[in-house]
Amino acid sequence: MKYHKLVENAVKPKGFWGRLMIKSMNIGHSELTDWALEHLSIDSSDILLDVGCGGGKTVDKLCRRVTMGKVYGVDYSELCVKKSEKLNRRNILCGKAKILRAGVSKLPFESDTFDSVIAVETYYFWPDKLHDLMEIDRVLKPRGRLMLVFEMLADDSDPEKWRAVEDRLNIKAVSKNGVTDMLLRAGYQNVRSFTEGEKGWLCVIAEKEDL
Ligand SMILES: C[S@@+](CC[C@H](N)C(=O)[O-])C[C@H]1O[C@@H](n2cnc3c(N)ncnc32)[C@H](O)[C@@H]1O
């Protein structure tokens, strides 16, 4: 029962269980995020966006990489915005970070704004993946990159692996080919993917076309 309450709060954290989930995501996704970020080149003056920023740990990691740039985080959960702002208090005070409440389907940014957009463990929940990828494409600069990071990878040899979470949250584990196909359909180019075999992690990086 308690486990279910916690898991259900991965979708849109709120209340007591949401606070617990945010804490556990900040800890539980840290190693996955560090591994994925090794594959993305980031310049110190980059303008970055973390979509579905949860508790704000990734925003903080990115702030350490962009000494002269800026990092935005968006999440549609009010509690996540609050927690991300708290964790990034110093980054916000010195103007390096800004957290906004927004859904991925309608991002509150001008077109061609970001050098890279990062999305860790959130793609499963997006309401219209093709449209939402195109919306991210809109806010990326030409040749800007989108990095999608996953730990819920479909496993043909073990179809039951994620069944309980999939059923409870009404989401689907992803496959490398499925994500790549969706990115290509959304207009991205140069799609590259990286896997961490032992842990079963997937990181996919795609580029916005140079117009
Ligand atoms: C499993 S958590 C991952 C949080 C964070 N990226 C991390 O790695 O710890 C999924 C996050 O995506 C957010 N989210 C889900 N659907 C969203 C949407 N349509 N727009 C914006 N954020 C969304 C949730 O509120 C939640 O914070």
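Note that this is a predicted model, so its numbers are computed, not measured. Atoms within each ligand, like the ligands themselves, are counted from 1 in listed order.
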Lys/Arg cation over aromatic Tyr188: Lys208, 6.0 Å, 45° cone: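 Ring-cation test returns no.
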If you measure every N or O of [X] against every N or O of ligand 1, does any of those distances drop under 3.5 Å?
X	answer
Val74	no
Thr122	yes
His29	yes
Asp50	no

Given side chains that start at C-beta, do those of Tyr76 and Val11 come closer than 4.5 Å, heavy atoms only?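 A side-chain contact exists here, since the closest heavy-atom pair is under 4.5 Å.
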Is there a side-chain contact between Met147 and Val204 in this structure, where contact means two heavy atoms from C-beta onward sitting under 4.5 Å apart?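 Contact flag for Met147/Val204 side chains = no.
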Look at atom 25 (O) of ligand 1 and find which of Val81, Asp128, Leu169, Asp75 reaches it with the closest heavy atom.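 Among Val81, Asp128, Leu169, Asp75, the closest heavy atom to atom 25 (O) of ligand 1 comes from Asp75.
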Option whose closest heavy atom lies nearest to atom 11 (C) of ligand 1, chosen from Gly52, Ala36, Pro13: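 Comparing heavy atoms across Gly52, Ala36, Pro13, the nearest one to atom 11 (C) of ligand 1 lies in Gly52.
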Residue, atom name and distance, where the atom is the protein heavy atom closest to atom 20 (N) of ligand 1: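 Among all protein heavy atoms, the one nearest atom 20 (N) of ligand 1 is Val104 N, 3.0 Å.
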Do me a favour and list the nearest non-hydrogen protein atom to atom 14 (N) of ligand 1 with residue, atom name and distance?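 Residue, atom and distance for the closest contact: Tyr76 CE2, 3.4 Å.
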Identify, by atom number and element, the atoms of ligand 1 in contact range of [X], meaning under 4.0 Å from any of its heavy atoms.
X	result
Ser77	25 (O)
Gly103	20 (N), 21 (C)
Ala102	21 (C)
Val120	3 (C), 5 (C), 6 (N), 8 (O)
Cys80	27 (O)
Pro127	19 (N)
Glu121	1 (C), 2 (S), 3 (C), 10 (C)

Are [X] and [Y] within salt-bridge range, i.e. N to O under 4.0 Å?
X	Y	answer
Glu207	Arg145	no
Lys61	Asp34	yes
Glu160	Arg163	yes

Is it the case that Arg101 and Ser77 place a side-chain donor and acceptor less than 3.5 Å from each other?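 No pair is found: no donor N or O on one side chain lies under 3.5 Å from an acceptor on the other.
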side-chain contact (heavy atoms from CB on, under 4.5 Å) partners of Asp155, counting only residues at least two apart: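 Checked Asp155 against side-chain contact (heavy atoms from CB on, under 4.5 Å); matches are Ser157, Asp158, Lys161.
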Between Met25 and ligand 1, which residue portion shows a heavy-atom distance shorter than 4.0 Å: side chain, backbone, both, or neither?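 Answer for Met25: both.
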If you measure from each non-hydrogen atom of Val11 to ligand 1, which part falls under 4.0 Å: side chain, backbone, both or neither?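 Within the 4.0 Å criterion, Val11 contacts ligand 1 through backbone atoms alone.
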Criterion ring-ring contact (aromatic ring centres under 6.0 Å, His included) against Phe150, the qualifying member of Trp201, Tyr123, Trp162: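 The passing option is Tyr123.
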First locate atom CD1 of Ile22, then atom NZ of Lys83, and finally report the distance between them rounded to the nearest 0.5 Å.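 Those atoms lie 6.5 Å apart.
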With Lys12 via side chain to side chain donor-acceptor pair (under 3.5 Å) - residues at least two apart: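 Listed in chain order: nothing, the list is empty.
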